[in-house]
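Indexing begins at 1, ligand by ligand and atom by atom, following the structure's order.
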Amino acid sequence: MAISVGGPRVLLRRLREVMAEPESAQKRLEKVAVSIAANMVAEVCSIYLVRPGLQLELFATEGLNPSSVHKTILNVGEGLVGHIAAEAETLNLPDAQSHPAFAYRPETGEEAYSSFLGVPILRLGRTLGVLVVQNRTQRTYSEEEVEALQITAMVLAEMIIAEGMAATDEGDEPKLGLVSSIHLKATSLAKGIAIGHAVFHEPRVNVEKLIADDTSVEQQRLDAAIISLREAVEKMMHDSDIVRGGEHRDILEVYRMYAYDRGWVRKIEEAISTGLTAEAAVERVQNDTLARLLRQPDPYLRDRLHDFDDLTNRLLRILAGRPATASAEDLPEDAIIFARNMGPADLLDYDRDRVRGLVLEEGGATSHVAIVARALGLPMIGRAENVLQLVDSADPIIVDGDLGELYVRPSRDIEASYAEKLKFIARREAQYAKLRDKHAITLDKHRIQLYMNAGLLVDIDHLDESGADGIGLFRTEFQFMIASKFPRLDEQAAVYRSVLDAAKMRRVVFRSLDIGGDKVISYMNQAEEENPALGWRAIRMSLDRPALLRSQLRALLRAGGGEELDLMFPMVSETDEVIRARELVEKEILFLTRHGYELPSSIKIGVMLEVPSLIWQISALAKHVDFISVGSNDLLQFLFASDRASPRLTGRYDTLSPAFLKILHQIVVECHVHEIPLSLCGEMAGNPIEAMALIGIGFRNISMSASSIGPVKDMVLSLDASALEQELMPRLDDSSKSLRPDLEAFALRYEIPL
Ligand code: PEP
Ligand code: MG
């Protein structure tokens, strides 16, 4: 084949002209084929596009029999073209017909052509189609020609997307990352169903201008952007705020490695020299790498691809002068936010009326962003592997927070069935709303106190809506976690006062600051520890550096003037810690009395039982506390030596294991003997089946997220607690992993809604 006429730059210019012509997409595609053939001095140029059902259809050709257009259809994987689509790789063959994958299609008349160069048409790692040039003579195409065709395919990809010609319908499984509907299993982090459209928390940039006016200008833009990117990575490495966003140091190390990778930068520079804009060149290198790495079986390498993708997107945003996160104007009415990971503050920054759901590639059930999502009633799933590569901005999305499933670009059937489900949920919510003013009393007349957990002012609206008996756990650290600096004493007092006002005499249990472990305050210097969950945290920190706790106690005592104030301390491991914390409360009472403040009418002091050592100190605690609340999230973590924040361990040990229930029952018995009011405020209280088990072993007071009050109350109203107790208690010595199936069977037998 002759040397290409004018090279890729001329071709790109010609494509730009074709794309601007006021004609139908089909016509333009035909013109593109003619231009490519002419520019590359090829006798044939054909464009195949992926259709629903994983098929490739010949859409335009110069050189093959024109009557085969829209008639020649190949399955992905079939023939050379199908092979290129399946593997997302280029084929450069001097004698195509001798290749084992060659499939002869008589209608095309392609038997006359020997040499074959085919490249995938890729966008963000997905195959949209295949672009082929052919020549009669046997030859191997040069590297420059391959490069030129790949760049042309990239421009074509943009055109295909812009024209809406990409396949979007049906398709069963997420095969090959093709443009089709995808169904993904992940982990449920907040229940509920959301239907909406994808928004990237750190949005991808849509590269609009692909062809450069002046490549030297593009080169300078790239140089400047690379400098900014490196600076940004260095800043992230030193900025403690990143911890809040869940971006860990090792990820940043990988970012840094890529940012300084000469090979990567050189590839982008080469792409610019062929006539692309800096953005298009970055995207081209990104496409190539993604397509290659997406098919890597090694999960470690796939994870690295992930970091690379993140970094490339950052570079694209720098080039495009875009902000780091999705801005309010970009948010549709029904946004489903996608992120690798996210801090609670990031989620709160969004306009709540526009956000319907949240999908994270990482994230665990007790991570704070999940807690905030539950507080906001946002369906959320986590551990959705590689999701950021499989989703495009504005894609239609369904988040099934109940099953932990995700549908990307769902088929019409799926969408209709979920829309129906949403209607059903709305009817059920209306039923729960009817229970709002009813007390939660079991069939055998046990009154169960159902409290709600809160931590933000946004939660407080739910108190009336849900019909909770009060707030059983107010996580005061949330205000600190979402602030950018320490909230002043009067700011803290204002929040506590608003909570008490909203509670209208219902009981509110404020928990003092529980910082450390997974609860990080970005503006506070914390020494790095080997095992932060077991480290210098919560009450330990408060007792060693009492100024912070004292100011918080002062704010609480002031806010509670004239009312009952319930205070509890987190992560207590020994009785002495409560004694010392009480002394601090006494000091503050003295201080406020001296300064003429009105004190609360009564002050009750409790502890959270979340460190196992405390189980054997309940009798000792009896003299020093007015109540105990079990923190089952941490108690499970410490009893089973199982990090609650580790996504790998989520769900590994069941709260309904005989061992855990037996320990909880022992706590009930001990507290009963020592007449200490007892409650439980971990996440398990909010699942009807787990709440049922808790009632079966003797709990009468539980605290949960507001959205759980209705379903749990519904369960309580049809539960015979004595019947359950009789069945459950003898099972606490079972050797099974979990009593969940047995409890489900019980509920089915007694027609208890779970
Ligand atoms: C717990 O540990 O169960 C608990 C309620 O506290 P947190 O989740 O805030 O640690
Ligand atoms: Mg805890």
N/O donor-acceptor pair under 3.5 Å between Lys737 side chain and Arg652 backbone: yes

Do side-chain atoms of Gln637 reach the backbone of Arg644 as a donor and acceptor pair under 3.5 angstrom? yes

Given that the side chain starts at C-beta and the backbone is N, CA, C, O, which of these parts of [X] lies under 4.0 Å from ligand 1, counting heavy atoms, or is it both or neither?
{"X": "Asn453", "value": "neither"}
{"X": "Arg475", "value": "side chain"}
{"X": "Met704", "value": "neither"}
{"X": "Arg644", "value": "side chain"}

Below 3.5 Å, N or O to N or O, backbone or side chain included: is there any such pair between Glu683 and ligand 1? no

Does the distance from a Lys or Arg side-chain N to an Asp or Glu carboxylate O, for Glu491 and Arg488, drop under 4.0 Å? yes

Salt bridge or not for Asp566 and Arg511, using N-O below 4.0 Å? no

Quick one: which ligand 1 atoms are inside 4.0 Å of a heavy atom on [X]?
{"X": "Gly631", "value": "1 (C), 2 (O), 3 (O)"}
{"X": "Cys681", "value": "5 (C)"}
{"X": "Asp634", "value": "1 (C), 2 (O), 3 (O), 10 (O)"}
{"X": "Ser632", "value": "3 (O)"}
{"X": "Leu473", "value": "5 (C)"}

From the N, O or S atoms in Asp634, identify the one nearest to the Mg ion (ligand 2). OD2

Looking at the Mg ion (ligand 2), which N/O/S atom of Glu610 is the nearest one? OE1

May I ask you to test the Pro677-Asn701 pair for a side-chain heavy-atom distance under 4.5 Å? no

State the [atom1]-[atom2] distance between [X] and [Y], to the nearest 0.5 angstrom.
{"X": "Leu728", "Y": "Asp734", "atom1": "CG", "atom2": "CG", "result": "9.5 Å"}
{"X": "Met692", "Y": "Glu744", "atom1": "CE", "atom2": "CD", "result": "8.5 Å"}
{"X": "Ile615", "Y": "Ile663", "atom1": "CD1", "atom2": "CD1", "result": "5.5 Å"}

Ring centers of Tyr653, Phe660 separated by less than 6.0 Å: no

Would you check whether Gln637 reaches within less than 4.0 Å of ligand 1, judged by its heavy atoms? no

